[in-house]
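Here the structure comes first, spelled out in structure tokens, and everything after it is commentary.
In what follows, chains are A, B, ... by sequence order, proteins preceding strands, each numbered from 1. In what follows, every heavy atom counts, from backbone to side chain, and hydrogens, waters and symmetry copies are set aside.
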Amino acid sequence: MTGERPDPGRPRIFLESVIIVNYQFTAIEKKWQQRWREEKTFSCETGGSKPKFYGLVEFPYPSGAGLHVGHARPYTAMDVVARKKRMDGYNVLFPIGFDAFGLPTENYAIKNHIHPAKVTHDNIENFSRQLHMLGYSFDWDRVVNTTDPSYYKWTQWIFLQMYKHGLAYKATMPVNWCTSCKCVLANEEVVEGVCERCGSPVIRKEKSQWMLKITAYAQRLIDDLDELDFIERVKIQQRNWIGRSTGAEVTFKATTGDDIVVFTTRPDTLFGATYMVLSPEHALLKKWLEAGLLKNAGEVTAYQAAAASKSDLERTELNKEKTGVCLDGVKGVNPVNGKEIPIFISDYVLASYGTGAIMAVPAHDDRDWEFAKKFGCDIVEVVSGGEDVQKAAFTAKDETGILVNSEFLNGLTVKDAIPVITQWLEEKGIGKAKVNYKLRDWVFSRQRYWGEPIPMVWCDKCGWQPLPEDQLPLLLPEVDSYEPTDDGESPLSKMTDWVNTTCPCCGGPARRETDTMPQWAGSSWYFLRYMDPHNDKALASKEALQYWSPVDWYNGGMEHTTLHLLYSRFWHKFLYDIGVVPTKEPYQKRTSHGMILGLNPHSFVNLSEAEQKELMEEHGGEEGAKQFLREKYGEMADHPIVKMSKSLGNVVNPDDVIREFGADTMRVYTMFLGDFEKAAPWQTNAVKGCKRFLDRVWNLATEQAHSGEEYSPANEAAVHKAIKKVSEDIEAMKFNTAIAALMALVNDFYANGASRGDMKALLLLLSPFAPHICEELWEIMGFAAETGSMACQQGWPEYDESKTVAATVQMAVQVGGKVKANIVVPAEASDQEIVDAALAEPKIVKLADGMTLVKSVVVKGRLVSLIFKPKA
RNA sequence: GCCGGUGUGGUGGAAUUGGUAGACGCAGCGGACUCAAAAUCCGCCGGGGGAAACCCUGUGAGGGUUCGAGUCCCUCCACCGGCACCA
């Protein structure tokens, strides 16, 4: 093999007398990408005798910035999995598409006066180019695009089914309003009081909105998690977000005769309820104010107004100091003891949770305690076992607390008292057991242009009417301006030709809904469309849904746990209920990748040695240099690893990496840079280590002679071990150690020489990670001609457990738990033989002088531990 | 405050789940090749002691269990992520 090579397209470069041997990755990668594309190597059919595997990655939002390394990590990982599954003999569906509706495109369109559809089209082109350049084995015949009318027809269809089943409804309520996007946001889209997307303040605004009743599925969304193979932190985060709590609803009477229903998780503390609190928005306040029952009406209305004007941010920021007003003229009555107690209004009670009213038990709730101290309310202990309740609330719910001052509950533990009091309340007809969730219904309309039109029509006579299904898709009309309006209406509202229509019910004049759907709509069911993307009769055929469901493995970002992942589980459950899809859950397995971070160029440790030296000289040592950087760049300078950002100039563009090192190197490095599940920094400096590795593979294959179709004796154990390691690591997403094992194998081959059989195994194991170079070498070494197919079409190599161990093994000998010597013994040696060999080792003989062996522990293949004691 | 996670060389990270800590890379140092550089190849590379064989020490801190602890238990510290007045 030395010297001659079959393909003249890969010349050696002669530079004076030195030979530079490098594989020409640009040409090779292009060649194979083209071939995979032309031969449709990775297209799959629905059905067949092979077992199916559906691997899914989150489809990208085609932004103008193009693909970034943050996409490459999960995509490469799932591509490795998909390629291996094919070699394992599965019929693999590994699709890609574009989640293309959304604000950034719309904003870009507004700024540059280009139609969002054009912007979307161009961005998708660019993304597709980049995805091809990385050699991903997507089925390009199944690409979906959420902005395509043939796609969003079905998004609208699902909405109509929800409407028909009472899960979509219009309601006027205070909603989150982003002051910059001029658009409402779902609760999930508000982060720390600001807009998740643009960071602008979010205020409350009364608006009529389409809502989806996700709360109807709250319990099932919790319960069904148990059967799924999701990583634990995803399950925990979803459970916390849904926020189930059990307790009781209790009806208190007001002195006006009105009922005030409160929700409590601690009905056992009812005897300690010494006051009540209503949220400032509570409906009874309006009634009492209008009836003139409140002597301090001015104070009450002023407080209500102040609470209403607060943004979410202010409300959370001000939560340290509690505020409130005591109602003058109306009191509540504690139903268990008939005592009259004061009623306050305070914004620490939320209108949107429970009943918007609470009974306050300051002795056993921190918030109530704090409020009671400030407003001088009574604090009555009803659970003993804590410290003095005048000094702090005692909130333990376990067995440490015993009920006191509570008549028939006295002497019970908290746990035992809850069912007793709940039953008592039910018998008296003043309360009942109740479950509450933090989850709210999903605010589903957006006052923007670039989204799916909501297929609803308003008729003054007939009310809201769904568009007949045969009129779908309801196309997004062309408009002159995509600018959102300041009055909070969608740009579509100005399109009178489009807005004015006839009522599907009575035929009279009617108006279309002008709000559009949120970005999360299209992504809530896209994985179903991949199963049958060109179907115009249904969102997908029954056969396709039956065959491919559920997604076997879905990898995506943690940031979608309480957004897309929860929404799509909800939609899927609904579709299951109406008989459209065959499974209760969309995804069997969910994993999550860590973020790719960047190095902070302003951090001392990331500077070159020369720069460090210079700074240390200028500023008097390391501490001085660090102090200087801190003053110049702020606290950030202390963090060597940070998020990639344009302002720091540490953003890595995949195009650049591919140009300089090739797609295979990019893929290998992306998988090698750290634990897949954890955040890890991109270190441009370290990329060349992976390039070197691939160069070594290339040189090994092309510069050395290989004979023998079997594994060579010197490498056999190493090859079997590597097959085992790489196979297991891919399944467990431990890609970094899989690559480390392949590097070690190549090092072995360099040391021992490699047979053709050895090389064949190496190329197959490496091919999911570095598919282009492996295909090329597969061809060069003649394997393609022998098998008549590509490396990616071969069976995955198998290993023999018994051959993963060498004939002899080295074992450590410990005395008193410390390693004192090493012995080499046959792999199948018995425990006794191992102990004998250890005792025969000269160093151990020396240590054992004058001692008796009292105990020995043998760990096969690892070590033998000996415990001696002095001879008596 | 609550929930989850992490802490290992100069650096990214390994460690068969209780079994020889630092695999595999990057950086660095030394050598070979070269007029030279790059590339490549070989070697060294936690700290301390020793001429060496070796010895001591070492996984955020402190205790414990064990023949044996990065891994398990208790206490504490630091950082990251999520939720946050949810009654």
With heavy atoms under 4.0 Å as the rule, sort [X] into base, sugar-phosphate or nothing.
X	result
A:L863	base
A:N822	base
A:T264	sugar-phosphate

Below 4.0 Å: OP1/OP2 of [N] and any side-chain N or O of [X]:
X	N	result
A:K818	B:U57	yes
A:R696	B:U40	no
A:N736	B:A14	yes
A:R233	B:C3	no
A:N240	B:A84	no
A:S346	B:C85	no

Syn or anti for B:G9 (syn when the glycosidic angle lies within 90° of 0):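 Classified syn.
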Taking atom types as they are modelled, is there a donor-acceptor pair under 3.5 Å from the base of [N] to the side chain of [X]?
X	N	value
A:K322	B:C85	yes
A:R862	B:U16	yes
A:E232	B:G4	no

Parallel, tilted or perpendicular, as decided by the 30° and 60° cut-offs, for the rings of A:Y567 and A:W442: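 The rings of A:W442 and A:Y567 lie parallel, inter-plane angle below 30°.
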